[in-house]
Amino acid sequence: MELKFDPKDPKYEYIQDLKALDKALEELEKCRAIGVDVEATGLDAFNDILLTVQIGSPEKSYIIDVRDIDLKSCPRYKELLENPKVIKILQNGKFDYKYLKYQTGADITNIYDTMLAEGVLTAGLGSGYFSLEDMAMRYCDVQLNKSVRKQFENVANIKTKRFNKEQLVYAALDTLVLFPILDEQLLKLKKENLVNIAKLEFAATKVVAEMEYRGIRIDVEKWRGIIEDLKKKRDVHATNFYDTIRDFYQSNRIDLFGAKVPPININSQVQIMDLFNNRLHLGIPSTGDAILAMVQHPVAAMLRDYRKYEKLISAFGESLLEKVNKKTGRLHPEFNQMGAATGRFSCENPNLQQIPRISEEVPFRQCFIPAPGFKLVTADYSSMEMRILADLSGDEKFIKALKDGLDVHSYTASLMFGLEFSKDFKNKYPDKRQAAKTINFGLVYGMGPRSLAAQIGVTPEEGKEYMDRYFQLYPSIRSFLNKMAKDAVRNGWSQTPAGRKRWYKLPDPDDPDYKKKIGSIERQAKNHPIQGTNADATKYALVFLHDRVKKEGVEGGLTHTVHDEIVMEIRNDQAEDWSKIQCEEMCRAAELFLKKVPVAADVFIGDVWEH
DNA sequence: AGAGGTGGTG
DNA sequence: CATGCACCACCTCT
């Protein structure tokens with residue numbers, strides 16, 4: 001590839017005064033697209049220090065030292081970055097977005113994100129994270145020197161120390177390589193018909209950046225109260241456990257203060273296996289909860305009780321509170337747009353998508369609260385995956401049930417077990433409904449008769465019978481799922497109606513695990529269009545909602561999303577009206593793909609996160 | 001440092 | 001032959 005810069009000696013300008021900045025901006029304003037990158041002392045846009053902002057044309061990079069120049073008092077800079085007509089090319093743009101918003105006062109628009117583009121082009125094959133170093137090497141044979149980035153992190157005398165040539169070259173290349181990478185990616189995106197999905201991801205990345213920036217408030221005292229309560233309960237179960245097993249161990253050690261020392265580490269899977277198999281002779285294959293539930297010995301129950309509390313304390317305890325940002329006093333979880341191969345978001349630091357559902361004992365979700373004067377508006381799609389399955393398979397019975405507003409699990413059960421359908425089916429035949437629900441969901445995951453039988457507690461033969469009966473009821477569902485599986489194995493990829501692709505590493509025919517691997521791909525491919533369409537709809541909804549907030553002049557914004565649920569923080573007096581708009585926009589997004597079945601979303605307005 | 005086990009969510 | 005999808009956090013053990 002012909003590069004417009006020399007990787008050994010790139011053209012750049014180190015900008016340290018307003019006059020030079022003005023001249024640079026004049027050049028940059030002529031560009032249709034500019035490359036943007038920042039260097040900072042760390043990853044936290046609120047607490048770490050922004051050092052440089054690099055803005056580049058395809059040929060030249062301008063490195064603005066923000067210790068010398070206050071970009072907040074430079075409207076021309078802000079106008080450039082906020083100009084919707086200029087494409088801003090970034091690598092993992094939401095990282096830079098937050099720095100630029102907080103420390104330079106600019107909200108970038110019209111982002112092309114090289115990392116997201118790569119994610120869209122290789123979904124299912126990689127981790128979802130692609131470093132600029134890898135891409136620069138792969139696409140344009142340019143070696144970026146990673147170790148130089150470290151130098152930015154430990155700048156002693158941060159106020160005064162100037163950058164060396166090596167650092168400046170590195171900073172310059174970071175914007176220059178973006179252009180050839182974009183050129184190559186664009187060819188591939190067009191070839192794979194992924195332009196629309198890439199556009200969706202690019203539109204979403206600004207929205208996600210704003211969502212991360214806003215974050216969410218947490219009631220720390222209430223959270224601590226729950227944890228303390230859980231710790232007390234956990235300790236009771238731990239003591240019971242230790243007292244019961246102590247006789248099976250030789251040493252009854254006493255510590256310096258006369259307290260009994262636990263004979264084993266209760267958290268050690270290895271030591272628990274030793275206890276159950278070598279000392280209690282119970283012969284368990286693993287220590288998972290499903291196994292322990294079947295073990296008659298009282299120690300098993302004690303361990304299960306202990307684990308229930310220990311899990312909550314370790315995963316959601318003090319460690320989550322440590323993530324409260326010092327500057328904002330709020331949690332700012334990170335949402336990875338390509339976190340799942342299906343197109344779903346993943347979430348980390350902390351993962352708000354795995355906070356336990358609300359219960360008497362563990363009301364964790366009630367600790368998530370809006371700012372004073374605001375409400376949390378929580379809306380989730382109703383039976384979204386069932387609706388998608390109905391729509392994509394085109395199954396007439398299933399579609400009619402949804403059109404008639406029936407509970408699909410009850411309806412399925414009534415057909416499968418020859419029972420009369422009624423409004424109170426759920427109460428009359430809860431077991432039958434649960435069995436049908438297991439099948440409905442299991443199929444979306446490509447489940448087989450054996451695990452179905454295990455789940456609903458019948459023999460494998462009966463499990464097979466249930467599945468046969470189910471598919472006789474809904475013949476189009478069987479043919480749809482089979483087609484998805486077959487196409488994926490033939491093509492090496494599967495696709496959602498929105499055009500999102502997921503690739504598969506097809507095994508070598510000589511692979512000893514060939515059938516196992518093909519089976520796995522088939523199950524993933526059956527699930528992909530369903531889970532993926534849900535993700536596509538939610539992403540469109542996020543973009544719609546963000547635009548609508550601006551259009552309506554509503555004060556507030558997005559706080560987080562959990563796959564089929566979107567939570568927003570909206571000013572008290574506007575929350576009621578907004579809740580209707582939020583449902584409307586979510587439905588409008590889903591209706592882009594679902595034409596045969598109605599879409600519905602339920603909404604809640606509250607002073608806590610609940611639904 | 002990374003793998004494996006366990007368990008929380010949709 | 002094996003046989004339910006998609007994640008992340010925490011723990012122990014190597």
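What you see is a predicted model, and the numbers here were worked out from it, not measured in a lab. Letters A, B, ... mirror the listed sequences (proteins, then strands); counts begin at 1.
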Inset, instruction - Check the surroundings of atom CZ in A/Arg450: do more than 12 heavy atoms from other residues, nucleotides or ligands lie under 6.0 Å from it? - result: no
Legend entry - Separation of atom CD1 in A/Ile313 from atom P in B/dG8, rounded to whole Å: 13 Å
Inset, instruction - Walk me through it: do A/Asn265 and A/Ser268 pass the test side chain to side chain donor-acceptor pair (under 3.5 Å)? - result: CA-CA 5 Å; A/Asn265 181 346; A/Ser268 163; 5.7 Å; no
Inset, instruction - With heavy atoms under 4.0 Å as the rule, sort A/Asn534 into base, sugar-phosphate or nothing. - result: nothing
Inset, instruction - May I ask you to verify if any side-chain N or O of A/Ser346 is less than 4.0 angstrom from the OP1 or OP2 atom of C/dA6? - result: no
Inset, instruction - Look at all strands and tell whether A/Val444 reaches a base, only sugar-phosphate, or nothing, counting heavy atoms closer than 4.0 Å. - result: nothing
Legend entry - Phosphate OP1/OP2 of C/dT3 contacted by A/Arg450 side-chain N/O (<4.0 Å): no
Legend entry - Nearest-angstrom distance from the residue atom CG of A/Leu320 to P of C/dC10: 9 Å
Inset, instruction - Classify the side chain of A/Lys311 versus the base of B/dG8 as yes if they form a donor-acceptor pair under 3.5 Å and no if they do not. - result: no
Inset, instruction - Give a yes/no answer on whether the side chain of A/Arg502 brings an N or O atom under 4.0 Å of OP1 or OP2 in C/dA6. - result: yes
Legend entry - Below 4.0 Å: OP1/OP2 of C/dC13 and any side-chain N or O of A/Ser268: yes
Inset, instruction - Could you check how far CD of A/Glu385 sits from C1' of B/dT9, rounded to whole Å? - result: 13 Å
Legend entry - Gap between atoms CG and P, on A/Leu352 and C/dC7 respectively (whole Å): 18 Å
Inset, instruction - Would you mind classifying the nucleic acid contact of A/Gly288 as base, sugar-phosphate or nothing, using non-hydrogen atoms under 4.0 angstrom? - result: sugar-phosphate
Legend entry - Lys NZ or Arg CZ of A/Arg588 over A/Phe544 ring: under 6.0 Å, within 45°: yes
Inset, instruction - Determine the contact category for A/Asp289: base if any of its heavy atoms lies under 4.0 Å from a base atom, sugar-phosphate if only primed atoms, P, OP1 or OP2 are that close, otherwise nothing. - result: sugar-phosphate
Legend entry - Any A/Arg307 side-chain N or O less than 4.0 Å from OP1/OP2 of B/dG7: yes
Legend entry - Any A/Asn351 side-chain N or O less than 4.0 Å from OP1/OP2 of B/dG8: no
Legend entry - Geometric cation-pi criterion, A/Lys233 with A/Tyr309: 6.0 Å, 45°: no
Legend entry - Atom-to-atom span, CE of A/Met484 to C1' of C/dC5 - whole angstrom: 14 Å
Inset, instruction - Would you check, one step at a time, whether the test side chain to side chain donor-acceptor pair (under 3.5 Å) holds for A/Glu192 with A/Trp503? - result: CA-CA 12 Å; A/Glu192 300 286 349; A/Trp503 280 267; 4.9 Å; no
Inset, instruction - Starting from C1' on C/dC11, measure out to CG on A/Leu303 and report it in whole angstrom. - result: 13 Å
Legend entry - A/Gln524 side chain near C/dA6 phosphate (N/O to OP1/OP2, under 4.0 Å): yes
Legend entry - Cation-pi, A/Phe46 ring and A/Lys98 (6.0 angstrom, 45 degrees): no
Legend entry - Side-chain-base donor-acceptor pair under 3.5 Å for A/Arg357 and B/dG8: no
Inset, instruction - Kindly point out which of C/dC10, B/dG8, C/dC5 is positioned nearest to the side chain of A/Ser314? - result: C/dC10
Legend entry - Donor/acceptor link under 3.5 angstrom from A/Gln354 side chain onto base of C/dC8: yes
Inset, instruction - State whether A/Gln531 places a side-chain N or O below 4.0 Å from either non-bridging phosphate oxygen (OP1 or OP2) of C/dC7. - result: no
Inset, instruction - Would you kindly give the CG-to-P distance between A/Asp274 and C/dC13, to the nearest whole Å? - result: 11 Å
Legend entry - Rounded distance (Å) that lies between atom C1' of B/dT9 and atom CZ of A/Arg344: 9 Å
